[in-house]
Amino acid sequence: MTGNPILLLLVLGPMAAGIVSYLIGRRNKALRDGFAIAVTSAEAVVMLLLVLMGGEVSLSVPGVCGMGLSFQLDGFRGVFATVTAYMWMMTTIFSREYLAHSRNRNRYYLFLLMTFGATMGVFLSDDLFTTFVFFELMSMASYVTVIHDEKPETLYAGGVYLAVAVIGGLVALMGIFMLYSVTGTLQLSELLAACQAAFPGNEAWFYVLGGCILFGFGAKAGMYPLHVWLPMAHPVAPAPASALLSGIITKSGIFGVLVLCTRIFAENAYWGFVILLLGVVTMLLGGLLAIFSLDLKRTLACSSMSQLGFIFVGMGMMDLLGEENALAVRGTLLHMFNHSNLKLVLFMAAGVVVMNLHKLDLNDIRGFGRKKPLLCYVFLMGSLGIGGIPLFNGYISKTLIHESIVEYIELLEEGHSVVSFAAANSATLFHVIEWLFIITGAMTVAYMTKLFVVLFAEKNRDRAVQASFEANTHYCNKATAAVLAVSATVLTILGVLPYLTLNKIADLGQGFLNGVSPKHAVNYFSLTNLKGGLYSIVIGAAIYLLVIRLGMRVKQPDRTYVYVNRWPKHLDLLELVYRPLVLGLLPTVAGFLCRCLDYVLDGLVLLGRKTTHKQLREGHLLPKGFELAYVVGSLLDGVVALLNATFCKRNPIQADFVRFFADQSRIYEETKREVMSGVSFSLMMFGVGIMVVVIYLLVV
Amino acid sequence: MSPYFILVPILVPILAGILLMTFPIQDYKTRAAAVETVVILNTILVFVLLLNRPAERLYLFSFVEGLPLTLNIDGMATFFGGLVAFLWPLATLYTFEYMRHEERVNTFLSFYTITYGVTLGVAFAGNIVTMYLFYEALTMVTLPLVIHTMTEEAQKATRKYLNYMIGGTAFAFIGIVFYSLFCTDIEFVLGGNLDVANLGEYANIALLVYVLAFFGFGVKAAVFPFHGWLPTASVAPTPVTALLHAVAVVKSGVFAIMRLTYFCFGADFLKGTWAQTVVVIAVMVTIVYGSTMGVRENHIKRRLAYSTVANLSYILLGVTMMSPLGLVAGLCHMFVHAIMKISGFFCAGAVMHQTDKNYVYELDGLGYAMPATFTALLISGLSLTGIPLFAGFVSKWSIVQALLEEPSIMGYVGVFVLLYSALMTGIYMLSLNVRGWFSGGTAARQDSARFHDPSWLMLLPLAIFSVLTVALGLNAQALLAFVQSIATGTF
């Protein structure tokens, strides 16, 4: 083991603490909760100190798990490890109240801390092998926190989550194996050079292995068409787990894709273009699903998918822009960072609603937030941030990604043929993508407005329920309130002071993405940049008014409104394609082939027994040596069969002439033999002989 | 140490078994104590022997000139003998509890003990004729164990077992006869003894002979198309399926193929020939077949048996890469699989023994009633799937390294097959645990509350195997270094 062992402590510490908390929890529940909070807080503090001190720390542990693990702490990893620890600290504190009346809490804390350690492992890893090891551990451990309440629909959603995680993990592993075999190294620091050296001549292999790794990590990052688990797992998981799942665990998938985009396919325009298109589809689809969703947490989950799409767009632009990708790099990085913080806030706010009402349907929870200023403040900060409203944090990162698209269009229009293939050279296409980007931003505004209006502006249909909502002023305890307030305020600070906060974070992290600071600092609040934000708001308002207010609300007889689900029920990728494919087609085909294999040898034996090694049975065998009987009998049998088939259908003739003739001739033969061997027959023949002789003498 | 000492650990269990058969012990405790003492004593003998290896081989006698019987302890023998000696006492411990209420326990235990000696014979054999002899004897002494319950199903299974084994022997015999004609010296030597220089036009015949012998010995290793007996034979009592059909018998088959490939024909001679292609394809088909059937099967023990079919072929996939790295991977997985699969079978047996439940869908909620058993099952399942931090991952990783040593289509297909199998393994092993821990809700949990974990006799082996699985997953350097030295001949 060489290097600073503190990194190992950061990864294994929480896992060990998980086991300790389990043991404590068997004796004392309050102490366990406190212990878990202490551990996560301590880790957050240590991470923050490490980042503030600066400098790079590395560690390699050879021999473990066959290949040895290696860890590294630099700017980018420092930022995201700190975000991880911060989010875990907040959610662990929140968990105490959220799960106060739940069962199996020992198990929950054990796996919550296990997932924590594993996620830290992913972000601190220095080679893809280590990344993969902890990525898998994270998937497995987080499964248990997702299925916490063990309801049937939870188990179903958890099953989908686990299936996507396991399949994705294995496909990624396949890609990693191929990468190792082609380049001979998995060290992130060496990969860039190794891939650039190995790429010419191995293009096909590289795209295959890239596809495999993208499949695995992209699935975790909610990339279309592997996003199916995301809208299912989030609503059923406990809110703190949803916050982590959406906020940081998806980012570990992004981490893998980032390695692809910055190490293996650095500045490869073809790759960038594919990622860009996947990103556009993901963000649009996520936005659409979120608009149509009627479930509080599901809306937030679809929103996550949409925001992850933005990040994919950023990564795609990173590779398309090549050397001039400073804006894309910083935008991607900051949107990852912002989205983690935003989803932490939003899911915890949603958690407060669930904790009180145990319901998620928008019609049921309508009006819950009225006269609850704290909840309103928290949710508003989250909504404004994620909606990309100027002066809030999401605006900064979206602007950067948007600017990178604009920059690319400018390059194209100036006549720089940036890349060698036609699609990427079409300025029109990128104008379309730019507008899709703005429209998705508008969708974000629209669905967040929907949630906000439902929770805080509209009243519940049932007046009694509304009255009970408004009477409920003690909807969370002080610790939860503090956590909510702090994490929401962080968002505001980030948004108002981007030059002091977000720019610094981007400076810290961009080295990992091979980024450099832009030539001239971006003025976030310049008129051109504000224009993009303004477009989003205006279009978003239009979408909200036209689609949601007019299209999704139905007037009831008592003059109130009800939100209805307008999404076609059968339009579900999981039910439409994946389930029939994985559970229907695959086992049937595989099973058929296996059965065939099963019968290869046994079938040979059976064939032998039916033909060459046929066993003799009594009663069915004809006596030998009756050729004539056989021929004639067969002939007559044929005639009988013919008659049975034609004239005598009603009363078929029951006869077996072969046997009949054979029996007759046997009787004849036997009689003959007996007769021939008898004494009287001899005497008779003797007599006959004498008579013949006498007649002969008389005649002659 | 005198080479005659090699005979002792082979003969002691055989004699003890015969003695137990002639003078049955009726009392449960006395019998258990007696058998366990003999087995532990013999294990100690084996380890003493392995640590003080005799320098030369032991020549016993010759059938005819050129077909001598010899015993020798080299690296491979140390590895396999050590593995068997380590597992046997633990499995015997488990047997006592499991067989407590069965009939004819004396006969069962005597054959169980005799099998120990015969398996050591396979391990310590110095040439292919001797190995063949013990290999056949192994079939015969395990026959009474498979048929033990005497039900119609067991009789049928035994007939199938016998048919396959005898059939395989015929192929193996052809291989041995031709090999004895083609070789310079019949003894095992790393790198092979084939008289390649004088082979000339017979090279293709030699390859054909290899393929025949591969499949002949492959019957015990359950290679397609000779895999049918293994799932059927899982009607036998759990200690038999666990130790014999996950370790002793099947691993003897794998061991014999390793001997045949690396110590008789020589990996260099076979590498890159059509013979290699044929056997690699058969092995890959077996992996896909075994793991798919594992998912389809609902009977727990049969499911594990299909898993064994697939995993034996993992070992052979490494072996058939015909490279030292391949042998390293094969040996490594041989050891790891032995531990985790025996653990899996013991868990299944514990469930059957405690609850009389045989099918996967009956497991709902049992995890809370039998936490120790299901934890062991979880560790075994994660390890079989190849999740990092468990032993199975290390050995699979080394197999993949062997596959990708030289980039080739075959290697990539092999990796793909392994990953497909890992996915299937994940499904069929983890679904056991998902059933046990999460399914059925409170009702199932209350329903199964009347069951509990088995006694320490069953739990101790499980605990040892689980700890070992995790420990090896964290650091397998010692094991890897050891098999490395065997594969490179420096042991």
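Below, read A as the first sequence line, B as the second, and so on, with proteins coming before strands; counting in each chain starts at 1.
Summarising the local packing, CZ of A/Phe206 is surrounded by more than 12 heavy atoms from other residues, nucleotides or ligands at distances under 6.0 Å. Residue A/Glu153 qualifies as enclosed at atom CD: its count of foreign heavy atoms under 6.0 Å is above 12.
Taken to the nearest 0.5 Å, the CG atom of A/Leu137 stands 8.0 Å off from the CD1 atom of B/Ile387. For the atom pair CD of B/Glu405 and OG of A/Ser181, the computed distance is 11.0 Å after rounding to the nearest 0.5 Å. In this structure, CZ on A/Phe177 lies 7.5 Å from CG on B/Leu418, to the nearest 0.5 angstrom. Note that the CG atom of A/Leu69 and the CG atom of B/Leu474 stand 9.5 Å from one another [nearest 0.5 Å]. Between the CZ atom in B/Phe393 and the CZ atom in A/Phe132 there is a gap of 6.0 Å [rounded to 0.5 Å].
Residue B/Phe416 touches chain A through both its backbone and its side chain, counting heavy-atom pairs closer than 4.5 Å. Proximity to chain B involves both the backbone and the side chain of A/Ile167, based on heavy atoms less than 4.5 angstrom apart. Contact of A/Leu170 with chain B is made through backbone and side chain together, with heavy-atom distances under 4.5 Å. Interface remark: B/Val295 contributes no atoms to any contact with chain A (heavy atom separation under 4.5 Å). Only the side chain of B/Phe224 comes within less than 4.5 Å of a heavy atom in chain A; its backbone stays farther off. Contact annotation for A/Phe134: neither backbone nor side-chain heavy atoms come within less than 4.5 Å of a heavy atom of chain B. For B/Val415, the parts sitting under 4.5 Å from any heavy atom of chain A are the backbone and the side chain alike.
Listed here is the closest heavy atom pair of B/Trp437 and A/Glu150: O-OE2, 4.3 Å.
Most heavy-atom pairs under 4.5 Å with chain B: of the set A/Lys151, A/Met140, A/Met178, this distinction falls to A/Met178. Between chain A and the residues B/Thr292, B/Val400, B/Val288, the most heavy-atom pairs under 4.5 angstrom are made by B/Val400.
Ring geometry, B/Trp397 versus A/Tyr180: the interplanar angle falls from 30° to 60°, so the pair is classed tilted.
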> Which is it for B/Tyr412 and A/Trp205 under the side-chain contact (heavy atoms from CB on, under 4.5 Å) test, yes or no, and what are the steps along the way?
Replying inline: CA-CA 11 Å; B/Tyr412 286 129; A/Trp205 284 125; 3.1 Å; yes

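With a 4.5 Å cut-off on side-chain heavy atoms, A/Val171 and B/Leu419 do not count as touching.
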